[in-house]
Structures are given as structure tokens and as C-alpha cells.
J.: 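Dropping a structure here in C-alpha cells format, bear with me for questions.
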Amino acid sequence: MRIKAQVAMVMHLDKCIGCHTCSVTCKTTWTNRPGTEYMWFNNVETRPGVGYPKRWEDTNRYKGGWILKDGKLKLRAGGPISKLAKIFYNPDMAEMEDFYEPWTYDYDNLIHSPKRDNLPVARPVSTITGKYIDKPEWGSNWDDDLAGGSENVAKDPNVEKMQEHIKMEYERTFMMYLPRICEHCLNPSCVASCPTGALYKRDEDGIVLVDHDACRGWRFCQNGCPYHKVYYNWNTHKAEKCNFCYPRTEAGLPTICSETCVGRIRYIGVVLYDADKVKAAASVEDPKDLYEAQLSCFLDPFDPEVQEKARKAGITDPWIEAAKESPVYKMAMKWKIALPLHPEYRTLPMVWYVPPLSPIMNHITNEDELDTDGYIPAVDQMRIPVEYLASLLSADDTEVIRKVLLKLSAMRVYMRGKTVGGVDEFRQSELVKQAETTPEEIEEMARLLGVAKYNERYVIPTGRREMDDDLHYKRGACSLEELAPPEGMNPRFGMMKVRENL
Amino acid sequence: MADIFWWVIFPYITGTIMIFGLLYRYAFRQLTWAAPSTNFLEKKWLRIGSPLFHYGIIFAFIGHVMGMVIPMEFYQSLGISDHAYHIGAIWGGGLAGLMVVFGLVILLIRKITIDPVRIKATFADFFTVLALLFVAGTGTYMTIIYNTTVVAYEYRETIGPWFRSLFIFQPKYELMGGVPFIFKLHVVSAFALFASIPFTRLVHIFSFPIRYPARPPQQYRSRSNYRKQGV
């Protein structure tokens, strides 16, 4: 057993209002430099839609993630040898037009325009070429809120896959928001795709980072990541990606996207996992088993044996305590209401999603008379098809989605029953049985999902600082440090000895 | 005197600039050390030009090792006649040279005509392509045209030994006196190109990730132990 800790995130999609505040604060924090204009470490997509970059889920085109070949885990885009052969030209890489050509506006013209008959306008200017773009044709959120309608929806790879034709009539259409950041996977394919080994997963918190000194810009990570969350900076020619705001999380603060989330949809916490199990979990035969396999990698932080081994592995007590309080552990592992995005990519992603409930299609006309169990079939009649959610979150296993939706519905029924009566009936109902929950668990869930207190949503232990020099010593050190003994120290001890005694 | 300058002083100066420039850039400017791909900005032309050029130059490099580094006696000991060697060199080298030249021309046209690529290209980028085109052009001309129309020049008796003598710091510059002008031009321009390597995108030739197939796919790095591990 090789215990490692991972800082992970859950997003509760029911609460996402699609305001893009996370994207904007992330962008102003991290990607507001030349070369990064087109990058959105965090973006919010309207689903169904093509996403950003266009059709990123089209694995046949971009060849991201892993596949199982003869029982062995292989990169879909090819192993090291074939990568080196393709190093001069990467056929699978997304081009700028798959993202969009970033632009700004010629605001200067508004201020300095001479007197004219017509109002001056701010024309769009490409930030790549500096030339006017007469007609911007695509942007990172061009299809926001189903803009482009049936034309764009039909291009969603998840929709293409679905048997049933998705209804785009106004009365029957559906949509949901999907905020995306780097998944900080347990089995990251971007790391495996990097020829130089510049990408790495941090031992302490599992954050996947790019070593910019080592990065040589071979650009295989960009399409190696099936989520397309590694970007190529055309200015510095290095890869850039979401870094889980590590300077903030190390200080115990939530990432900037979480901190500024208006809907309080995001939860950050620590989970402990067994790194030895990762490869086997990613290599299970049936993609539908990947979700359960991934869950089997996680360790119970309340288990004294796990705690003991974690301490031996160098995980400190504050981290173990944080793992116990972790909202991610509760939602993803304990209550099993949060699911990984596209588990079939076999990267074991670590940003989890609570699927959204949606209005029930066939009107429940007399809801007052509807008994509790009436909600069970309702799950299958929600506006967002279970198949669609299954395609996103459970490798097409609709049972997994049904279970989660049932549990969330049960929570609603119970919490309403608490106010208007009917809790006793609920305890006996078939709904509570099928949802495999208890009123006690529901109360706990409702608190975390509904009340969503700041310090319950974000349980982030501070980063360990042992790497740093002894700051007490540094503070008093002089420029003769290596020659003269430190101030206040007895020069009889050797220099090294003094430092050891500190 | 001119011989001493071109065949002793010049190679050592350019070589020194290259080595120390590379060391400096590696040590202090590693953030700028990358293969500046424009795959992201344009794909259609790159698809033809880049592999053509790169594979061509790898073949050309192997050819130069065969011609310049490996002594003539080696081939003779294998029983390869001079005639057979030159046939091989003209065909192989000619093909590699044409690949390089055509690749470069495609890349140059691409650099000039494709808006984002041109605008993002620096002076160093244009210089590199033009310099490479000059060196490769003279090389290909020698191999295909000079060798077949004038004389199949036996550089293994002059340029080869001179080139090897540079590495043991006893340059036999007198060997270069009688070399045809076009060969001299190729050698001098190549050395000038070497000197420019640390200042251009060409640094990426020294970071070909040859170790990639041997390393484990997943990389962990420790934040708190990285100094101890010396990463």
C-alpha cells in the first residue's frame, strides 16, 4: 500500500447558474498574458453543446486518454516510439480554430475618433495577428445557453451517441451547465504523454503541474489530455494548465474559481488513496466498472490502520484530520452522489460532479396527492435524459445516474416533508429504500449541499513547509553565513552542528 | 593567412560561441528553451513541410557522420570501392538534401504567407530558416550537381581529416587549401550557423527526448523532498 493524499473537488451541478464568474476570476488570475488569451483553465459549458475546444469529447479526432489494448493500458494517441516519430508534426493536436481566435476590441477608437456623422465603434481585433476580425465566428462560449440551437446541439459527441433523438422543440428542450477545470487525474494521460517528463503529479497533494523549465513544447500533452485541459502557449512555446491554484491551496485557501463561485457549487477536500491500486483500477475491462474501480482506490480516513500507514508515508495529522472532514470524501465516496467526468477515458479524474435534477417532463398535475413513491418513476422522466448524464458521468451506465438522482429526489421529498409533514411516511417508503439512504444521511447531505457553509465546503489543510529553509535561522543569517558562525551561536560548535541543533 | 583564419580561427570561435552560448542559455535562460512549434497556429502546410525537413536533416546528419567522421580507410577495409561510396553518397545525400531543401522552402513560404505564423515569427526565426536554406542549398548543389557534372569530389581526403583534426586541437588547415570553392562556402556557412544555434530556436535539437521510451509513464515529484532529491 502506497498511501498518497489528493486535493480534489466536487461540483454540485444543480446549483450552477452558468454565470461564468469562475472562468473570469480564473482568467484574470492566471491567463491574462500574451499567448494565453485563448486559454480558459476554467470554463463553463452549456450542455448539450460542442464544448471548448469544439468537440473535445471526440476521442477519435484528438486521441486523448487511455485505451485498453490486449488487457494493457495504452495511450490512445500512441506510445513513446510512435510519438517520437510524430514529433515534427502532431496530427491529432487541436488547432487555434478548434478553440477560437482570441480577440479584443479597438476601444481606443471610441476615445480618439474624430468628429464624424456616425458613432465610432470598437471593432474586434485579433490578439494573435493584431488585425481586425470583421466577423468573429466562434468563441469559448459561443453556444452559451443553447445559442445556435439545434445546429450546435447536434454536434455534441454525447448527443451523437444517443439512440433517442433529442427533442429541440422549445417545450421539450433541456440544458445544464458543466464547469470544467483540470481533473488532476490519478492516472493522468498528459503526464504520460510528455516526452520530457515536464508534467508531473505532486506527491503531497496530487496536483498535476508543468515544470516550465523542463517543458520543451513538444505539445503531446495538449491532445493527450482527453479533457483538453492542457494548453499550448504560442508565445512562450510551453504547456500551461490549471494548477488548482496551488499557491492558495497550500495556504489553506480554496481555488479562486471556488472562492468566487456565486452558486457555492464547489467543494474542496482531501482524499487518501492507494497509489498501488491506480493502474489496476484504470485497466478494468468494462468501462462501466471504472467508476467502482476508481472508488476502490480510496481509503477510509477513519480506519486506524489507514491512519497509521498514512503517518508512516509522511502524511501529517492535519491532513488526516482534513481527510476525515473532507466534503469530497463524503459526497463522492460515502454518499456516492458525486461522479467522475467521463470515467471511460481511464484517467481516474479527481473533479467530481453531482448530476443535476431537472423538471419532470410529464406534468405531475396533483402533486399534493402524489405519494412519496410517485417520485421513483419521475427520475426517468426528467428533462435532462438519464442517458445524456450517463454519457457524461458514468460511461453510459444509466443505473448509476438513476441511483444518484433518486437519492437527490429523496432528499428533496424528505426535506419538504419536514416542513409540510410526511416524514414518517417517508421513512417507510419505497423511495427511501431504492435510494439506499436514511433520513439521518439525508439531513447531513442537505446541510452540505443546501446550507453549504464556507468552512464545510472547503476543508483544505495547509501545505507542508518542510522544504523551506529554516526561517528562524534565515532571519538572523548574514552574508558571511558560510564563513562565520551565526550570530548568537557559540563558535565552538562547527557550522554544520549548529544547523543540525536548530 | 586566410587559410588559418577560415580553417582554424573561425571554426573554433564559432564552436566556442555555440558551446558557451548553449551552456549559458541552459543554465540561466532555460525558460526560453523549447521547440517553438507553430502546429497550433497552422497545420496543413506544416504537415508536409516539417516532417520533410526534419527527417531529411536527420538523414543528412547521418550522411555527414558517414562522410566526415568515419575515415576513408574504414570503407576501404570493408571493401567498399570509392566509386560505390560516391554513388551511395550522391543518391542518399541527394535525396536527403532535396528533402531538406523542399521542406525548408515549404516552411519558408508558410512563414511568409500564413498571417499568424508570420506575425509571431521573430528575426531569429527567419534568419534560421534562411541560413539553413543556404547551407542545405549549397550542400545539395554540391552533392547532386557538382558531383555529377564537374567531378565526384573526394572530400574524405581533405575536409574529413580536417574536420576530425579540429577535435584533437591540431587542425590540419593546409588540407583545406585546394578544396573547391562551393565546398568551402558550405563549410564556412555551416560553422556560422552553428554559432547562431544558442540564439535561435535551433536549441531544440539538443533536447530530443530520447529517454522517453525508457521512463515510467507516470511521474511523481515531491514538493517537500525535491531539494533532497536534487530535482
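Naming: A, B, ... by sequence-line order, numbering from 1 per chain.
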J.: Which atoms of B:Arg215 are under 4.5 Å from chain A, going by heavy atoms: the side chain, the backbone, both sets, or neither?
T.: side chain

J.: What part of A:Ile207 gets within 4.5 angstrom of chain B, counting heavy atoms only: side chain, backbone, both, or neither?
T.: neither

J.: List the steps and the verdict of salt bridge (Lys or Arg N to Asp or Glu O under 4.0 Å) for A:Arg2 and A:Asp276.
T.: CA-CA 6 Å; A:Arg2 207 156 41 109; A:Asp276 283 337; 3.0 Å; yes

J.: Checking heavy atoms, do the side chain of A:Gln222, its backbone, both or neither come under 4.5 Å from chain B?
T.: side chain

J.: Top residue by heavy-atom pair count (under 4.5 Å) with chain B, among A:Thr196, A:Asn90, A:Ile81?
T.: A:Asn90

J.: Would you say the ring centroid of B:Phe183 lies under 6.0 angstrom from that of B:Tyr153?
T.: yes

J.: Can you confirm if the aromatic rings of B:Tyr26 and B:Trp33 lie within a centre distance of less than 6.0 Å?
T.: yes

J.: Taking the side chain from B:Thr143 and the backbone from B:Gly93, do they hold a donor-acceptor pair closer than 3.5 Å?
T.: no

J.: Quick one: which of A:Gly130, A:Cys215, A:Ala94, A:Ser193 has the most heavy-atom pairs under 4.5 Å with chain B, could you say?
T.: A:Ser193

J.: Examine whether an atom of A:Asn235 lies under 4.5 Å from a heavy atom of chain B, and if so say whether it belongs to the side chain, the backbone or both; otherwise answer neither.
T.: neither

J.: Could you tell me which portion of A:Leu209 (side chain, backbone, both or neither) has an atom closer than 4.5 angstrom to a non-hydrogen atom of chain B?
T.: neither

J.: Contact part of B:Ile114 toward chain A, heavy-atom cut-off under 4.5 Å: side chain, backbone, both or neither?
T.: neither

J.: Flag the pair A:Phe99 / A:Tyr52 as yes when their ring centroid distance falls below 6.0 Å, and as no otherwise.
T.: yes

J.: For a salt bridge (Lys or Arg N to Asp or Glu O under 4.0 Å) check, start with the C-alpha distance between A:Lys135 and A:Glu137, then their side-chain angles and the critical distance, and finish with the verdict.
T.: CA-CA 6 Å; A:Lys135 196 175 107 193; A:Glu137 279 176 351; 3.3 Å; yes

J.: Of the listed residues (A:Gly79, A:Cys194, A:Ser126), which shares the most heavy-atom pairs with chain B below a 4.5 Å separation?
T.: A:Cys194

J.: When you measure from the centre of the six-membered ring of A:Tyr200, is the NZ or CZ of B:Arg221 closer than 6.0 Å and no more than 45° off the axis?
T.: yes

J.: Taking A:Asp213's backbone N and O only, do any of them form a donor-acceptor pair with A:Arg216's side chain (distance below 3.5 Å, no angle check)?
T.: yes

J.: Decide if atom CH2 of A:Trp138 counts as having more than 12 heavy atoms of other residues, nucleotides or ligands within a radius under 6.0 Å.
T.: yes

J.: What residue, out of A:Glu101, A:His212, A:Lys86, A:Lys4, has the most heavy-atom pairs lying under 4.5 Å from chain B?
T.: A:Lys4

J.: Can you tell me which portion of A:Arg202 sits under 4.5 Å from chain B's heavy atoms? Options are side chain, backbone, both or neither.
T.: both

J.: With a 4.5 angstrom heavy-atom cut-off, is it the side chain or the backbone of B:Phe208 that approaches chain A, or both, or neither?
T.: both

J.: Specify which of B:Asp115, B:Leu41, B:Asn39 makes the most heavy-atom pairs with chain A at under 4.5 Å.
T.: B:Asn39

J.: Does any heavy atom of chain A fall under 4.5 Å from the side chain of B:Phe206, the backbone, both, or neither of them?
T.: neither

J.: If we define contacts as heavy-atom pairs under 4.5 Å, which of B:Ser207, B:Pro209, B:Pro213 has the most with chain A?
T.: B:Pro209

J.: Using heavy-atom distances under 4.5 Å, tell me whether A:Ala85 contacts chain B through its side chain, its backbone, both, or neither.
T.: both

J.: Would A:Arg219 count as a cation-pi partner of B:Phe40, with NZ or CZ less than 6.0 Å from the six-membered ring centre and within 45° of the ring normal?
T.: no

J.: At a heavy-atom separation under 4.5 Å, does B:Arg29 approach chain A through its side chain, its backbone, both, or neither?
T.: neither

J.: So, do A:Trp103 and A:Glu37 sit near enough that their side-chain heavy atoms are less than 4.5 Å apart?
T.: no

J.: Select one option (side chain, backbone, both, neither) describing which atoms of A:Ile87 are under 4.5 Å from chain B's heavy atoms.
T.: side chain

J.: Measuring heavy-atom distances to chain B, does A:Thr127 have an atom under 4.5 Å in its side chain, in its backbone, in both, or in neither?
T.: backbone

J.: Under a 4.5 Å heavy-atom cut-off, does chain B meet the side chain of A:Phe220, its backbone, both or neither?
T.: neither

J.: Checking A:Ala198 against chain B: side chain, backbone, both or neither under 4.5 Å from a heavy atom?
T.: backbone

J.: For A:Lys279, does the NZ atom have more than 12 heavy-atom neighbours from other residues, nucleotides or ligands under 6.0 Å away?
T.: no

J.: Strictly under 6.0 Å, is that where the ring centroids of B:Tyr55 and A:Phe88 end up?
T.: yes

J.: Checking B:Lys120 against chain A: side chain, backbone, both or neither under 4.5 Å from a heavy atom?
T.: side chain

